[in-house]
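Down below is the structure, laid out as C-alpha cells.
Because the structure is predicted, anything quoted here is derived from the model rather than measured. For the numbers below, each heavy atom of this structure counts, side chains included, while hydrogens, waters and symmetry mates do not.
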Amino acid sequence: MKYFFLSDGWKVGRVWGVGGEWSYAAWRRHPDIVQLDLCLWDHKEKMWLYRVEEAVLMVEVKPTAPADPNDPAKNIGNVVLTRLIDAEQVLERLGTIATRCEMGNPQLM
C-alpha cells in the first residue's frame, strides 16, 4: 500500500497507474483510494491520511472551493502528487513534534 496526506478542502481528481491515466474501461474498476479516519494538524492545517493501492503512481488533487475572482493569486487549479509514501514514512510524519494526530471512529480489531 501507498499513502498520502491531503488537506481539508481538497479532493482527488485524476489518477495515473503504470499504463498512464487510470481508465475505468481498461481496469474495469475505479482505483482503490480510501480516506482513513486519521488526520494530523500541522501549522493549523488539517491533513487527512489516504491509502492507495500499489498500482497507483500519481494522484491529481484539487481544491473543493470555487476559485476566488477577487484574489486570483491564491487560486490553485490542481496539484499532482508524484511521491506517494509508504507506511514507515507515515509513522515518521505522525511522530514529528510539530504535528498533532487525531483519530476518528477507531474500530476494534
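Taking all atoms of both residues into account, the shortest heavy-atom contact from Cys39 to Lys46 is SG-CE, 3.5 Å. The two residues Arg93 and Phe5 make their nearest non-hydrogen contact at CG-CE1, 3.8 Å. The shortest heavy-atom contact between Glu53 and Asp32 is OE2-N, 2.8 Å. Across all their heavy atoms, Gly77 and Pro63 have their closest contact at O-CD, 3.6 Å.
Note: the hydrophobic cluster containing Leu57 does not contain Phe4 (ILVMFWY, side chain heavy atoms under 4.5 Å, direct or indirect links). Both Met47 and Tyr3 belong to a single network of hydrophobic side chains, linked directly or stepwise wherever heavy atoms of I, L, V, M, F, W or Y lie under 4.5 Å apart. Cluster annotation: Val79 and Val12 are assigned to the same hydrophobic cluster (Ile/Leu/Val/Met/Phe/Trp/Tyr, side-chain heavy-atom contacts under 4.5 Å, transitive). Following chains of ILVMFWY side-chain contacts shorter than 4.5 Å, one can reach Ile33 starting from Trp27, so the two form part of one hydrophobic cluster.
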What side-chain donor-acceptor pairs closer than 3.5 Å can you find for residues 80-92, not counting sequence neighbours?
from  : atom 1 : to    : atom 2 : distance (Å)
Asp86 : OD1    : Glu88 : N      : 3.2
Asp86 : OD1    : Gln89 : N      : 2.9
Gln89 : OE1    : Asp86 : N      : 2.8

Kindly list each side-chain donor-acceptor pair under 3.5 angstrom involving residues 13-21, sequence neighbours excluded, with atom names and distances?
from  : atom 1 : to    : atom 2 : distance (Å)
Arg14 : NE     : Glu60 : OE1    : 3.4
Arg14 : NH2    : Glu60 : OE2    : 3.3

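For Glu45, the side-chain hydrogen bond (donor to acceptor under 3.5 Å, both in side chains) test picks out Ser7, with sequence neighbours left out.
Put simply, the side chain of Trp22 reaches to within 4.5 Å of the side chain of Arg29, judged on heavy atoms. A 4.5 Å side-chain heavy-atom check between Val59 and Leu6 finds every atom pair outside the cut-off. Under the 4.5 Å side-chain criterion, counting only non-hydrogen atoms from C-beta, Leu36 is not in contact with Tyr50. Side-chain contact between Trp48 and Leu40: absent, with no pair of heavy atoms (C-beta onward) separated by less than 4.5 Å.
Using a distance-only test at 3.5 Å, with no hydrogens or angles considered, a donor-acceptor pair links the side chain of Lys2 to the main chain of Val56.
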